Amino acid sequence: SLGNVDLNGGEELKYRDGYIYWTTAEGNGHITVNRLAVDFDTAANDIKTKKKVPTAKAADINNASVTGIKNKTYTGKKIKQSVTVTDADGKTLKAGKDYEVIYIKNRNAGTAVMEIKGINNYVGSKAFEFKIKKAANTATIKKTVKKVSVKKKAATVKPLKVSNAIGKVTYTKVSGNKNFTVNKKTGKVTVKKGTKKGTYKLKIKVKAKGDKNHKSLTKTVTVKIKVK
């Protein structure tokens, strides 16, 4: 195969054993093979004239510029980049034709690697690191006003409901009447027997720990409990 051939002034272009054979009606001509020029000057119809086919020198992908690499956020899927690769001559290269991309550790939060490897007319490779940041915790907190009677015995209520939390959830009492205690694991509030009637406010800190791919979430909420 002669690759990309541009024949100017020549006719009956032939190739055999690494050489180009041609005839020309003009007595001279010009061809381009594999992006390299070959000029000739020969008598008309001289089919014996020959020229060694030049071999294109592969360009080093290390000399190319790569733009568009950005830090990403965890999605649960493999993270890929949308980049522009330009060689030293200013030509924009095409993935799959001029280079291929290889990813390492590009699913979970942390440091991922993207390697651009030259193919066909390009050789070499160059690697880039990018960060995959933890995603936000998806926990939601809903609070409800609770009513209790503690004339004869203590009562326990749960004024908070946490949904879709990632990681272990804990509850801590921040402020409020001393007759109210908060269970660290369940968030249930126990009201001491004999507490006077009234509406009481408690501040409770809720924390979802998160995991290797999700951030922790901490939020302090105020709940109301009415003692009848």
Side-chain angles (χ1 to χ4, degrees), residues 66-85 95 101-116 126-228:
V66 180
T67 58
I69 299 175
K70 300 177 181 179
N71 290 332
K72 303 285 187 175
T73 300
Y74 173 80
T75 64
K77 300 179 181 180
K78 289 185 176 181
I79 302 292
K80 295 184 178 181
Q81 297 280 347
S82 179
V83 299
T84 299
V85 181
V101 181
I102 300 170
Y103 291 95
I104 302 172
K105 295 182 178 180
N106 64 324
R107 184 189 296 274
N108 295 319
T111 301
V113 176
M114 179 184 71
E115 180 183 7
I116 294 178
K126 60 194 310 183
F128 303 87
E129 290 185 348
F130 62 94
K131 298 291 184 182
I132 300 177
K133 298 179 288 185
K134 289 185 176 184
N137 202 300
T138 53
T140 58
I141 304 170
K142 182 179 179 180
K143 57 184 180 179
T144 306
V145 177
K146 293 294 183 179
K147 298 178 181 180
V148 296
S149 176
V150 290
K151 291 179 180 179
K152 296 181 179 180
K153 61 179 181 179
T156 299
V157 293
K158 191 172 183 179
L160 294 174
K161 181 180 180 181
V162 179
S163 304
N164 303 317
I166 297 174
K168 183 180 179 181
V169 179
T170 56
Y171 305 82
T172 304
K173 179 182 174 182
V174 176
S175 65
N177 189 284
K178 64 181 181 179
N179 288 348
F180 294 75
T181 58
V182 178
N183 186 293
K184 186 173 183 178
K185 293 182 179 180
T186 65
K188 291 181 178 180
V189 177
T190 299
V191 186
K192 186 177 179 181
K193 175 185 175 183
T195 300
K196 293 181 179 181
K197 293 182 180 180
T199 300
Y200 295 84
K201 292 182 180 180
L202 283 80
K203 285 187 177 181
I204 301 174
K205 181 171 69 176
V206 182
K207 182 177 181 180
K209 188 177 181 180
D211 60 17
K212 67 178 182 179
N213 291 314
H214 297 86
K215 299 176 182 178
S216 64
L217 179 145
T218 301
K219 187 173 183 180
T220 300
V221 295
T222 301
V223 299
K224 291 180 180 181
I225 297 177
K226 294 183 178 181
V227 178
K228 298 186 290 183

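Since the model is a prediction, treat every value here as computed from it, not as a measurement. Here, residue 1 is the first one in the sequence, and each next residue gets the next number.
- The line from CD1 of Ile204 to CZ of Phe180 is 10.5 Å long, rounded to the nearest 0.5 Å.
- Evaluation of the side-chain contact (heavy atoms from CB on, under 4.5 Å) rule for Lys151 yields Ser149, Lys197 as partners, not counting sequence neighbours.
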Test side chain to side chain contact (heavy atoms under 4.5 Å, CB included) applied to Val83 and Phe128, step by step: CA-CA 12 Å; Val83 299; Phe128 303 87; over 6 Å; no

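- Of the possible polar contacts, none joining the Asn106 side chain to the Ala112 backbone as a donor-acceptor pair under 3.5 Å is found.
- A heavy-atom distance below 4.5 Å is not found between the side chains of Val145 and Ile225.
- Looking only at side-chain heavy atoms (C-beta outward), Val150 and Val227 come within less than 4.5 Å of each other.
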Residue pair Lys212, Asn108: steps toward the side chain to side chain contact (heavy atoms under 4.5 Å, CB included) verdict: CA-CA 8 Å; Lys212 67 178 182 179; Asn108 295 319; 3.8 Å; yes

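- Taken from NZ in Lys70 to CD in Gln81, the straight-line distance is 8.5 Å, to the nearest 0.5 Å.
- Asn213 contributes atom CG, which lies 14.0 Å from atom NZ of Lys133 (distance to the nearest 0.5 angstrom).
- For the residue pair Thr181/Lys173, the side-chain donor-acceptor check at 3.5 Å is not satisfied.
- Taking OG1 from Thr170 and NZ from Lys168, the interatomic distance works out to 7.0 Å, rounded to the nearest 0.5 Å.
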What side-chain donor-acceptor pairs closer than 3.5 Å can you find for residues 137-144, not counting sequence neighbours?
residue, atom, partner, partner atom, Å
Asn137, OD1, Ala139, N, 3.1
Asn137, OD1, Ile166, N, 3.1
Asn137, ND2, Ile166, O, 2.9
Asn137, ND2, Lys215, O, 3.0
Thr138, OG1, Asn164, O, 2.6
Lys143, NZ, Thr222, O, 3.0

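- Scanning all heavy atoms of the two residues, the minimum distance from Tyr74 to Ala109 falls at CD1-N, 4.2 Å.
- Residues passing the side-chain hydrogen bond (donor to acceptor under 3.5 Å, both in side chains) test with Ser216: none are found, sequence neighbours excluded.
- With contacts defined as side-chain heavy-atom distances shorter than 4.5 Å, the pair Val66/Thr84 does not qualify.
- Checking Asn71, Ile69, Thr111 one by one against Glu129, the side chain to side chain contact (heavy atoms under 4.5 Å, CB included) holds for a single residue, Thr111.
- Heavy atoms only, all atoms of each residue included: Lys158 and Lys146 are closest at O-CE, 3.2 Å.
- Although no hydrogens or angles enter the test, the distance criterion places no donor-acceptor pair under 3.5 Å between the side chain of Arg107 and the main chain of Ile79.
- Just one of Val148, Val223, Thr195 meets the side chain to side chain contact (heavy atoms under 4.5 Å, CB included) condition when paired with Tyr200; it is Thr195.
- Between Asn183 atom CG and Tyr171 atom OH the span is 9.5 Å, to the nearest 0.5 Å.
- Atoms NZ and NZ, on Lys207 and Lys184 in that order, are 9.5 Å from each other to the nearest 0.5 Å.
- Using a 4.5 Å cut-off on side-chain heavy atoms (C-beta onward), Val189 and Leu202 make contact.
- Here the shortest heavy-atom pairing between Ala136 and His214 reads O-CD2, 3.7 Å.
- Around the NZ atom of Lys72, the shell of radius 6.0 Å holds more than 12 heavy atoms that belong to other residues, nucleotides or ligands.
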Please walk me through it: do Val206 and Leu160 pass side chain to side chain contact (heavy atoms under 4.5 Å, CB included)? CA-CA 9 Å; Val206 182; Leu160 294 174; 3.8 Å; yes

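- Taking each heavy atom of Met114 and Phe130 in turn, the nearest pair found is CB-CE2, 4.1 Å.
- Annotation: Lys134, atom NZ; neighbour count of heavy atoms from other residues, nucleotides and ligands within 6.0 Å is above 12.
- Minimum heavy-atom separation, Ala127 to Val113: CB-CG1, 4.2 Å.
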